[in-house]
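Below: one structure, written as structure tokens.
Letters A, B, ... mirror the listed sequences (proteins, then strands); counts begin at 1.
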Amino acid sequence: MLPYLSIQLRLQAAVRAILPEADVTAVLVRPCPDPKFGDYQSNALMAVAKARKMNPRQLATEVVAKLEVAEWCEPVEIAGAGFLNFRLKPTALDAALQSAARGEHLFFARTAQPRTIVVDFSSPNVAKPMHVGHIRSTGIGDALQRSLRLLGHHVITDNHIGDWGTAFGKLLLGWKQILDRPALARDAIAELERLYKIINTECDTNPARLEEAKQELVKLQAGDPENLAIWQEMTVLSQKQFDTIYSRLGVKFDHTLGESFYNPWLNDVVVDLLRRGIARESAGAVAVFSDGSLPPKEDPFLVNRDGEWIPDPALVRKSDGGFNYTTTDLATVDYRLKTWSPQEIIYVVDDRQGPHFKKLFLAFARWQPDAAKTVKLVHVGFGKIMGDDGKPFKTRSGDTVKLGDLLDEAEERSLKLVTEKNPDLSPERCREIARVVGLAAVKYADLLPNRQSDYVFSWDKMLAFTGNTAPYLLYAYSRIRSIFRKLEQPDFSIAHPEVIHLLAPEELVLAKHLLNFGLALEGVADEYRPNFLCNYLYELAGKFTSFYENCPVLKAEATATRDSRLALCHLTATVLKQGLAALGIETIEQM
RNA sequence: GCGCGCGUAGCUCAACUGGAUAGAGCGUCGGUCUCCGAAGCCGAAGGUUGUGGGUUCAACUCCCGCCGCGCGCACCA
């Protein structure tokens, strides 16, 4: 077990010994923000004391008297208002690394309570090109599902593609009347996009055209064979595009159950909602209204107009009989619960859909109160990608940036840099390095900022080899690998874990940081924030580089020092690789 | 108008249950390759965390007011 977890358990036991009725789940041990205070700290006693109106330092003194941590720590220090500071004994640090070297752990613990978690992410639309916005849902969702799996959860990924809806009326009309077959063969998505744009423009100015499109949609929804066949073909063509992009990104889904999958249940959902009095008819449509159980300010089914709270319902059936996405989403929750019995469903979707998810989650809880208690529904929202001008990121001509083009450009730019820095490497080798670096740069730049804020897209920043970037991390990794190449043991493994014995300050700093890998992973899983792991890995790479500058490995004077440092390098490389993998980022041996 | 989110160094961003002297990178200035990869490393300068109050032993973090920006506000998703 990792030292801080052992210390935490003992601390909780000590608190329980003093205050038997105390809830110790919040009594946590965390790394110190400043090494001068020690390696780990706990500030939980101040909160415990406060809740009981006790003197925090007095409580700390009593707890410390009962605290048995001498096998890992120097004597515990009580500081400030009631902080506990722990300093690891060198033997405990060595032991932790040795157990990792024996393969007993990689500085994280698999969860004691595995949950079944559905992760719903990416969700592109049929007949439309995947664009730069999809990188966010896809990248964040993939990083979350990878991290959750690594921690031992049972994860089910489901790509809820937009393969149904009003857009298909226009697409069908375009397909029947102005389809350019050769163009479709060349670039299906571009042709479908062209159809949609033309018909959409016509519909804006010509009500008759709009009516035609609506009729095509009605026919599709009624199961007209011709329209269904065309729709099917559009879906297949789109899926090819998705597959190409996902294959480049290294993203896989366990399921791809698009919106259309739920069609058979939509009518039943609405009927049931009506029967239970959760939805009612309004202006020809069917909608879920507020049940008044929440204060108006917190009630997503209410909106304030000129000082008055008026209904802002969620529509589940349009006045023309069509269904809305709330209906589909309700059917989807129902299906997922019945099929997989998850404890948690995570939706990685743009923050602007926040109000929709609030309504959805509340509506589901009213529809199926018992089922709702078994599952945690979470909207993991994220902000927009902006250009240098502070406006949403677009091409020079003002179009949305297509994801495929973005990845191409990342590889091209990265190839230029790689070739420049490595004139000796073969073109094939450079191309492979550039592929990994370019892709990593885009993914990492997207995962690094706090997901809720908008961020500014910058090629120069994400491809820079300095600063908190993917190239910097990959460079640190490749430098470690270079050591083992030089050693002529590219498949190096730690033969004798007991050689690990850390002395130099830079060794200690690096080793202690390795111990915190699990905290970073848990942060990602608990807060749905991959940027915690990004920052952890950046610090790890930085601490490794400091070590590397100051502590000779292959040229160490003593064999024992050399072997210990080789082991430290190997463990660092393993954590870097595993951590990047959890973010969906590949590593390379050389760059 | 109402609601939600945001506001941190010149710029781009961090800041882990409220916790100790708010941290990085870029840019600027300076140091560092007869030594395992200098795409690196070390150092300096740079802040009233939009603003005014409040709660607390302790506030970037929680509460209230104000200013500024973004987003959303039935029959698209």
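- Counting distance only, with no hydrogens placed and no angle test, the side-chain atoms of A:T166 and the base atoms of B:A77 include no donor-acceptor pair under 3.5 Å.
- The distance from atom CZ of A:F382 to atom P of B:C71 is 16 Å, rounded to the nearest whole Å.
- In terms of polar N and O atoms assigned as donor or acceptor, the side chain of A:N85 comes within less than 3.5 Å of the base of B:A20 in a complementary pairing.
- If you take atom C1' in B:C69 and the same atom in B:A59, they sit 24 Å apart, rounded to whole Å.
- Residue-to-nucleotide contacts include a donor-acceptor pair under 3.5 Å from the side chain of A:S319 to the base of B:C75.
- Counting distance only, with no hydrogens placed and no angle test, the side-chain atoms of A:Q41 and the base atoms of B:A20 include a donor-acceptor pair under 3.5 Å.
- You'll find the side chain of A:F547 reaches within 4.5 Å of the side chain of A:R565, heavy atoms only.
- Using a 4.0 Å heavy-atom distance criterion, A:S282 is classed as a base contact.
- In this model, the phosphate group of B:C76 is approached by a side-chain N or O of A:K318 to a distance below 4.0 Å at OP1 or OP2.
- B:U12 sits 32 Å from B:G54 when the P atoms are compared, rounded to a whole Å.
- Nucleic acid contact class of A:Y325 (heavy atoms, under 4.0 Å, all strands): base.
- Using modelled atom types, one finds no donor on one side chain facing an acceptor on the other under 3.5 Å when comparing A:Y4 with A:D39.
- Applying the side chain to side chain donor-acceptor pair (under 3.5 Å) test to pairs two or more places apart or on separate chains, those with a residue in residues 532-544 of chain A are A:N468-A:N535.
- Comparing B:A74, B:G37, B:G25 by their closest approach to the side chain of A:S478 singles out B:G37.
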Exercise. Dot-bracket for RNA chain B: what is it, with Watson-Crick or G-U pairs under 3.5 Å, [ ] where a pair crosses earlier ones, and | for a pair to another strand?
Worked result: (((((((..((((.....[...)))).(((((.......))))).....(((((..]....))))))))))))....
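- Residue A:Y472 places none of its side-chain N or O atoms closer than 4.0 Å to OP1 or OP2 of B:G40.
- For A:L217 and B:A77, the CG to C1' distance is 13 Å, given to the nearest whole Å.
- The residue A:N324 sits close only to the backbone: its heavy atoms come under 4.0 Å of sugar-phosphate atoms, none of a base.
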